[in-house]
*Asks:* 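Sharing a structure with you now.
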Amino acid sequence: MASLVPTSVLDICQSPYGCAIFLKALDKIFVIYVDRARGCAMQSAFEQEKTERPLSYEFVWQTLDALDCGVDSVVIYREDNGIFFTFMRVSMNNELGSKIAEIDGRPSDTLAVALKANAPIYIRSDVLEKLPDVSQAYAKIKGE
């Protein structure tokens, strides 16, 4: 069984095709591409910006918080031809009982909620192994 590797969002950059989300796990940097609108929302979450009205990820986070649910983590569990699959692990522990749920979602949504909730992000080791390392390209973009 594959292990889970801690991952962090390094940066979110505009690209000709939308936005590039650069993530780092171990010594590897990999990228997930999302459309511009979702990338801008993720940028807001990444920079912990205050918005005038709640964006979708803020609405989800506020709903979970109001129901005494916590975002335990987000897991990147699959990649298929550049399309990434994630789930968000949510726990509830209140007067109604205790429950843990894994909710499938797009990376742009689950990662934004994780950033808002300061929840850890993981990638399965077998998924990470097959991804190309874009460390040199990221350094070039950052002017290093």
Side-chain angles (χ1 to χ4, degrees), residues 1-93 98-144:
M1 182 167 164
S3 61
L4 296 180
V5 178
T7 304
S8 59
V9 176
L10 292 178
D11 206 351
I12 300 170
C13 303
Q14 300 287 326
S15 80
Y17 307 104
C19 289
I21 304 162
F22 289 93
L23 299 103
K24 183 172 185 170
L26 302 175
D27 290 331
K28 183 184 274 190
I29 296 175
F30 63 99
V31 65
I32 296 176
Y33 293 99
V34 298
D35 67 46
R36 192 167 309 279
R38 286 173 180 52
C40 289
M42 281 201 64
Q43 186 74 35
S44 174
F46 180 65
E47 294 177 358
Q48 299 290 316
E49 291 179 354
K50 300 283 185 196
T51 57
E52 187 174 321
R53 298 290 297 142
L55 298 175
S56 296
Y57 74 89
E58 293 170 310
F59 173 74
V60 169
W61 181 77
Q62 289 174 2
T63 301
L64 292 171
D65 189 49
L67 296 170
D68 291 327
C69 296
V71 179
D72 294 340
S73 63
V74 165
V75 176
I76 303 166
Y77 68 89
R78 189 171 139 216
E79 183 271 341
D80 186 12
N81 291 321
I83 298 171
F84 287 80
F85 298 80
T86 62
F87 66 80
M88 183 169 56
R89 185 171 287 132
V90 176
S91 62
M92 176 187 80
N93 190 11
S98 297
K99 183 174 183 174
I100 296 175
E102 292 180 350
I103 305 166
D104 195 52
R106 293 180 297 203
S108 56
D109 296 329
T110 58
L111 293 173
V113 173
L115 290 169
K116 178 68 176 176
N118 292 314
I121 300 167
Y122 299 100
I123 186 167
R124 284 178 47 128
S125 58
D126 57 335
V127 175
L128 180 63
E129 287 173 12
K130 71 178 192 172
L131 296 176
D133 184 0
V134 298
S135 297
Q136 290 182 335
Y138 180 70
K140 187 174 182 180
I141 289 169
K142 299 308 280 182
E144 299 171 4

*Asks:* Going by the rule side chain to side chain donor-acceptor pair (under 3.5 Å), which residues pair with K99 if we only count those two or more places apart in sequence or in a different chain?
*Replies:* none

*Asks:* Could you measure the distance from the CG atom of L23 to the CG atom of L10? Nearest 0.5 Å is fine.
*Replies:*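 Those atoms lie 7.0 Å apart.
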
*Asks:* Is there side-chain contact between I76 and R124, with at least one heavy-atom pair below 4.5 Å?
*Replies:*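 A side-chain contact is absent here, since even the closest heavy-atom pair is not under 4.5 Å.
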
*Asks:* Kindly write out the residues that satisfy side chain to side chain donor-acceptor pair (under 3.5 Å) with S135, not counting sequence neighbours, or none if the list is empty.
*Replies:*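 Here the qualifying residues are D133.
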
*Asks:* Mind checking ring-ring contact (aromatic ring centres under 6.0 Å, His included) for Y122 and listing every partner two or more places apart, or none if nothing turns up?
*Replies:* none

*Asks:* Please list all pairs passing the side chain to side chain donor-acceptor pair (under 3.5 Å) test where one or both residues lie in residues 22-35, with sequence neighbours left out.
*Replies:* D35-R38

*Asks:* Could you tell me which residues satisfy side chain to side chain donor-acceptor pair (under 3.5 Å) with E102, sequence neighbours excluded, listed by chain and number?
*Replies:* R89

*Asks:* What pairs with S98 under side chain to side chain donor-acceptor pair (under 3.5 Å), at least two apart in sequence or on another chain?
*Replies:*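 In terms of side chain to side chain donor-acceptor pair (under 3.5 Å), with neighbours along the sequence ignored, S98 is linked to N93.
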
*Asks:* Can you tell if the side chain of L131 reaches within under 4.5 Å of the side chain of F84, non-hydrogen atoms only?
*Replies:* yes

*Asks:* Which atom pairs, one a donor and one an acceptor, fall under 3.5 Å between side chains of residues 62-70 and the rest of the protein, sequence neighbours left out?
*Replies:*
from : atom 1 : to  : atom 2 : distance (Å)
T63  : OG1    : F59 : O      : 2.8

*Asks:* Output a table of donor-acceptor pairs, distance under 3.5 Å, between side-chain atoms of residues 106-116 and any protein atom two or more places apart or on a different chain; print 'none' if there are none.
*Replies:*
from : atom 1 : to   : atom 2 : distance (Å)
R106 : NE     : D109 : OD2    : 3.1
R106 : NH2    : D109 : OD2    : 3.0
T110 : OG1    : T86  : OG1    : 2.6
T110 : OG1    : R106 : O      : 3.2

*Asks:* Name all pairs fulfilling the ring-ring contact (aromatic ring centres under 6.0 Å, His included) condition that reach into residues 2-22, sequence neighbours left out, sorted by first residue then second.
*Replies:* F22-Y138

*Asks:* Mind checking salt bridge (Lys or Arg N to Asp or Glu O under 4.0 Å) for K130 and listing every partner two or more places apart, or none if nothing turns up?
*Replies:* E79

*Asks:* If the condition is salt bridge (Lys or Arg N to Asp or Glu O under 4.0 Å), which residues does D104 pass it with, not counting sequence neighbours?
*Replies:*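 Salt bridge (Lys or Arg N to Asp or Glu O under 4.0 Å) check on D104 returns nothing, list empty.
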
*Asks:* Kindly give the heavy-atom pair with the smallest separation between A117 and V71, and that separation in Å.
*Replies:* CB-CB, 4.0 Å

*Asks:* Shortest non-hydrogen contact from D72 to P120?
*Replies:*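 Here D72 and P120 meet closest at O-CD, 3.2 Å.
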
*Asks:* Distance from I12 atom CD1 to C19 atom SG, nearest 0.5 Å?
*Replies:*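 Nearest 0.5 Å value for the CD1-SG distance: 7.5 Å.
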
*Asks:* If the condition is side chain to side chain contact (heavy atoms under 4.5 Å, CB included), which residues does A25 pass it with, not counting sequence neighbours?
*Replies:* V5, T7, F30, I123, L128

